[in-house]
Peer 1: 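Take this structure, written in structure tokens, and hold onto it; I'll ask about it next.
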Amino acid sequence: MNPDLVRVRIAPSPTGLLHVGNARAALFNWLFARHHRGVFIVRIDDTDLARSTTEFEEDALDGLRWLGLEWDEGVGVGGPYGTYRQSDRIDRYRQVADDLIERGRAYACFCTPDELAAKREAAQREGRPPGYDGTCSTIASSAAAQRRDRGEPASTRFAVPRPGLTQFDDLVRGAVRFDHETIDDFVLLRSDGTPTYHLASTVDDVDYEISHVARGEDLLPSTPRHIMITEAMGAVPPNYAHLPLLFGPDGRKLSKRHGDVSLRHYRQTGYLPEAMFNAMALLGWSYAPEVTIFSREQAVEGFELSQVSKNPAVFDIDKLGWINGEYMRALPLDRFLDEARPFLVEQLGAETVRSGWDRFVGVAPLIQERVRLFSEVPSMAGFLFVETLAYDEDSWAKLMRGDQVVQVLDEARRRLDGLEHWEPEQIEAALRAMLEEIGIGARKGLQPLRVAITGSSVSPPLFESMAALGRDATFDRLAAARARLAAGD
RNA sequence: GGUCCCGUCGUCUAGUGGCCUAGGACGCCGGCCUCUCAAGCCGGUAACGCCGGUUCGAAUCCGGUCGGGACUGCCA
């Protein structure tokens, strides 16, 4: 193995939907790998069998694919190191744990969960550090082996060498050191024989020859443990880079309690993957001063872990929205149509969307430049699809009660009636002439028509909307609005 | 409580001793444009947590202090 080859990994644990924090970590790993022409690996950390599901695994892989973070080795694509799934490697972890016991670097612990809980509580109460007190570390290895052979349940704990010190150069934090006195003998193997995260993750990083571990800062305090395990295995630890955490608006680690923070949620709300990519890259990193929007290629070109910020970043939904709008407007029309369609179907039904599709296509470019999210499309374009218009009552109340509204509605129908070509230009000419004659401003005179045609005071440009709607439907709607007014509303 | 990490506009950040009377972006406010809304254009608001030191000179280096966060599980 080339010692200079960059090999990085992202290891989602499929116990929930992939959230933006993990996605951002994946993005940074991917950028680092691509920048250094290294290998990006996706592994599944599913040692928590009880909570892991294939749905969540699929969700994570889908999310990564959606963002365009294709991987070179790992689940789904294979590679020279097996299945890249921890549940397939339980024997390997046990083997490492047994080997560590044999070499005196770990020991069997017979304390029961209840005993440990009691000890922790007592320590807490007396103001002592709550870590494991090392009770079982003094049991002679022969005695311990006997008890295990007899079937007594035992976990395996790592024997932290004390006194001692573990220090390392974190690519984003710089020099970090931990005194072993503050690290207790942590569990490697649970009494049911399954490995903990510390063991499994570390063994995998060694076995898969990972060169750089870039992960959330929440794992910084665990790093000395991982380094100790690695060294006890006789391997050289990887480089570490601890990424600043993503916070919610309240300044705490982004989590469920900040609402739906799954990547899937953003995908379903109508954010574009390239916008998400761009926005997440800006969380703790900057491409260049004065540059906010940049391509995937530019990001790869410019990315360096050492330039990642140390400060936690608050996930700014407003900026994400703005970025999405930028990408939205830059989209080729056919892609816009493709992406928008499912959102219309969800709101209006497949048949309705099919029958109104051509009308929608007519004004789609005008809608495209007015929305930030695909989920906003139905409310802006719905009037093109429906048979009978549902008015936004606030708009109606505000704009349809004026004294000249009836006149505008009637006159508009009269003017439009004789139009030879049902095109925006002709419609505009006719209506402008009408405004002139009535002596009313465009602002005031056109708004009632907008409500009559689109049901809302906010819509795509009126003349184009009428043109796209079609002559018959336009007249129907003018008549409908007129009728409602006649009914005294 | 203990260990560790962090501290530039509300938010994301640029800044690595003089180019900083601190730059950009989002947001917000005002204006222009305008058939509404967007978009666009112009302008404005707003930050180096605090105290000491080093230095001719500090947002940048050092110390302290205060504040925030993460971790402290047979979760990951």
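Side chains included, hydrogens not; waters and symmetry mates left out as well; all remaining heavy atoms used. Throughout, a chain's letter reflects where its sequence line sits, starting with A, and its residues are numbered from 1.
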Peer 1: Write out all pairs satisfying ring-ring contact (aromatic ring centres under 6.0 Å, His included) with one or both partners inside residues 429-463 of chain A, taking only residues at least two apart or from two chains.
Peer 2: none

Peer 1: Using a 4.0 Å heavy-atom cut-off, does A:S191 contact any base of the nucleic acid, only the sugar-phosphate backbone, or nothing at all?
Peer 2: base

Peer 1: Across the strands shown, which category fits A:S459 at heavy-atom distances under 4.0 angstrom: base, sugar-phosphate, nothing?
Peer 2: base

Peer 1: Mind checking if A:C111 touches a base, just sugar-phosphate, or nothing, with heavy atoms under 4.0 Å?
Peer 2: base

Peer 1: Using a 4.0 Å cut-off to any heavy atom of chain A, which nucleotides of RNA chain B are the first and last in contact, reading 5' to 3'?
Peer 2: B:G1 to B:A76

Peer 1: A:F247 near the nucleic acid: base, sugar-phosphate alone, or nothing, with a heavy-atom cut-off under 4.0 Å?
Peer 2: sugar-phosphate

Peer 1: Work out how far the P atom of B:C62 is from that of B:A25, and round it to whole angstrom.
Peer 2: 32 Å

Peer 1: For A:R190 and A:T194, run side chain to side chain donor-acceptor pair (under 3.5 Å): C-alpha distance rounded to whole Å, both residues' side-chain angles, the deciding distance at 0.1 Å, then the answer.
Peer 2: CA-CA 5 Å; A:R190 303 181 189 107; A:T194 59; 2.8 Å; yes

Peer 1: Check every strand shown and say whether A:Q167 touches a base, only sugar-phosphate, or nothing at a heavy-atom separation below 4.0 Å.
Peer 2: nothing

Peer 1: Partner lookup for B:C32, please. Criteria are Watson-Crick or G-U wobble with both distances under 3.5 angstrom; report none if nothing qualifies.
Peer 2: B:G40

Peer 1: Taking atom P in both B:A22 and B:G10, what distance in whole Å separates the two?
Peer 2: 15 Å

Peer 1: Answer with base, sugar-phosphate or nothing: what part of the nucleic acid does A:S201 contact at a heavy-atom distance below 4.0 Å?
Peer 2: nothing

Peer 1: For A:L245, which contact category applies under a 4.0 Å heavy-atom criterion: base, sugar-phosphate, or nothing?
Peer 2: sugar-phosphate

Peer 1: A:P461 near the nucleic acid: base, sugar-phosphate alone, or nothing, with a heavy-atom cut-off under 4.0 Å?
Peer 2: base

Peer 1: Going by atom type alone, with no hydrogens or angles, which donor-acceptor pairs under 3.5 Å involve a side-chain atom of residues 432-441 of chain A and a protein atom two or more places apart or on another chain?
Peer 2:
| unit_1 | atom_1 | unit_2 | atom_2 | d |
| --- | --- | --- | --- | --- |
| A:R432 | NE | A:E428 | OE2 | 2.9 |
| A:R432 | NH2 | A:E428 | OE2 | 2.9 |
| A:E437 | OE1 | A:R415 | NH2 | 2.2 |

Peer 1: Can you tell me, in whole Å, how much space there is between the C1' of B:C9 and that of B:A46?
Peer 2: 5 Å

Peer 1: NA contact type, A:S13, heavy-atom cut-off 4.0 Å: base, sugar-phosphate, or nothing?
Peer 2: sugar-phosphate

Peer 1: Looking at A:R85 and A:E57, does any basic side-chain N land under 4.0 Å from a carboxylate oxygen?
Peer 2: yes

Peer 1: Between A:R401 and A:W396, is there a side-chain heavy-atom distance shorter than 4.5 Å?
Peer 2: yes

Peer 1: Could you check whether A:R173 pairs with A:E217 (Lys NZ or Arg NE/NH1/NH2 to Asp/Glu carboxylate O, under 4.0 Å)?
Peer 2: yes

